[in-house]
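Note sheet for the following structure.
Every value quoted in this text rests on a predicted model; they were computed, and no experiment measured them. No hydrogens, no waters, no symmetry mates; every other heavy atom, side chains included, goes into these values. In listed order, ligands and their atoms are each counted from 1.
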Amino acid sequence: RTRVAVLISGTGVSAEIVVVISNRPGVQGLKRASLAGIQTRVVDHKLYGSRAEFDGTIDRVLEEFGVELVCLAGFMRILTGTFVKKWNGMMWWLLNIHPSLLPSFKGVNAQKQALQAGVRVAGCTVHFVAEEVDAGAIVVQEAVPVLGSDTEESLSDRIREAEHRAFPAALELVASGAVRLGEDGHIMWKSSSQS
Ligand code: 3YE
């Protein structure tokens with residue numbers, strides 16, 4: 001089975017995980033991981049003088065745990081090109097979940113952006129991490145309706161439920177080898193697993 005690490009900044013998500021790493025101490029996702037018997041580490045970005053040192057420390061924790069697949073699940077830091085190149089190469093994989101149907105509404109407050117744009121369909125996207133934020137190859141998307149009565153909170157809740165299905169689905173596709181990142185940065189589907 002593929003050894004998975006999850007990086008969080010808040011509540012995180014559930015999966016088959018060898019370590020959960022947070023850049024914020026004391027967040028709910030760390031408590032949930034501990035309760036589930038999963039090892040946790042805090043790498044507090046505030047204690048590092050540069051992004052390279054912060055990413056270097058995360059890199060060492062991932063190596064220590066023999067991680068093969070890294071999931072960014074509500075992790076709010078931009079990763080350096082060096083880190084992305086190593087972990088999103090041919091040997092290891094780096095996935096992010098974003099609360100919009102990319103390429104719409106990149107960046108922070110995607111749900112608020114969707115409400116302000118007046119779209120009737122929102123959703124989430126699991127993508128391979130490229131150096132450019134929220135621009136990597138898409139693995140899974142799930143759509144949800146936007147209701148006339150929606151607030152940022154109610155829409156975020158609906159999108160989060162979709163995320164809890166989309167992230168495990170994407171993990172399975174990547175860990176099983178059904179889908180991989182091609183040399184050109186595009187998705188490659190193993191023949192017959194196209195869905
Ligand atoms: N890094 C790269 N490419 C990606 N990180 C994430 C996705 C992704 C990535 O596709 N290279 C907003 C982060 C956006 C932001 O400006 N963050 C600040 C810190 C803000 C805070 O700590 O609250 C920063 O300086 O990094 C994960 C999602 C990133 C979301």
Does ligand 1 have a heavy atom under 4.0 Å from the side chain of [X], from its backbone, from both, or from neither?
{"X": "N96", "value": "side chain"}
{"X": "S9", "value": "neither"}
{"X": "V84", "value": "side chain"}
{"X": "T80", "value": "neither"}
{"X": "K46", "value": "neither"}
{"X": "K85", "value": "neither"}

Item checked: S156 to Q111 - nearest heavy-atom pair and separation ->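 Between these two residues, the closest heavy atoms are OG-CG, 3.4 Å.
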Checklist line | Heavy-atom closest contact (V4 atom, C71 atom, distance) | finding: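 Where V4 meets C71 most closely, the heavy atoms are CG1-SG, 4.0 Å.
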Got the closest protein heavy atom to [atom], with its distance?
{"atom": "atom 23 (O) of ligand 1", "result": "R24 NH2, 2.9 Å"}
{"atom": "atom 26 (O) of ligand 1", "result": "I78 N, 2.9 Å"}
{"atom": "atom 1 (N) of ligand 1", "result": "L79 N, 3.0 Å"}
{"atom": "atom 3 (N) of ligand 1", "result": "A130 O, 2.8 Å"}
{"atom": "atom 10 (O) of ligand 1", "result": "D134 N, 3.0 Å"}
{"atom": "atom 24 (C) of ligand 1", "result": "R51 NH2, 3.5 Å"}

With distance as the sole test, does [X] use its side chain to make a donor-acceptor pair with the main-chain N or O of [Y] at under 3.5 Å?
{"X": "Q39", "Y": "I17", "result": "no"}
{"X": "R51", "Y": "I78", "result": "yes"}
{"X": "S154", "Y": "D150", "result": "no"}
{"X": "N96", "Y": "V129", "result": "no"}
{"X": "T125", "Y": "Q141", "result": "no"}
{"X": "S9", "Y": "M76", "result": "yes"}

Out of all atoms in ligand 1, which are within 4.0 Å of some heavy atom of [X]? Include the element for each.
{"X": "E131", "result": "2 (C), 3 (N), 11 (N)"}
{"X": "H127", "result": "10 (O)"}
{"X": "F75", "result": "27 (C), 28 (C), 29 (C)"}
{"X": "V108", "result": "12 (C)"}

Check: Does the side chain of I8 reach to within under 4.5 Å of the side chain of Q28, using non-hydrogen atoms?
Finding: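 Not touching, per the 4.5 Å side-chain cut-off.
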Notebook entry, point to check: Mind checking whether Y48 and D55 have side chains closer than 4.5 Å, heavy atoms only?
Noted result: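 A side-chain contact under 4.5 Å is absent here.
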Note to self: If you take the nearest heavy atom of each of L7, L72, D55, which one is closest to atom 6 (C) of ligand 1?
What the structure shows: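 Minimum heavy-atom distance to atom 6 (C) of ligand 1 goes to L72.
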Next item on the list: Out of R77, K106, H98, M76, indicate the one that has the non-hydrogen atom closest to atom 15 (C) of ligand 1.
Entry: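 When every heavy atom of R77, K106, H98, M76 is considered, M76 comes closest to atom 15 (C) of ligand 1.
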Notebook entry, point to check: Are L102 and F105 connected in the hydrophobic side-chain network, where two residues link if heavy atoms are under 4.5 Å apart?
Noted result: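 The answer is no; the residues belong to distinct hydrophobic clusters.
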Next item on the list: Please say whether more than 12 non-hydrogen atoms of neighbouring residues, nucleotides or ligands are located less than 6.0 Å from CD in E63.
Entry: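 More than 12 within 6.0 Å, yes.
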Next item on the list: Would you check whether G136 reaches within less than 4.0 Å of ligand 1, judged by its heavy atoms?
Entry: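 No, G136 has no heavy atom closer than 4.0 Å to ligand 1.
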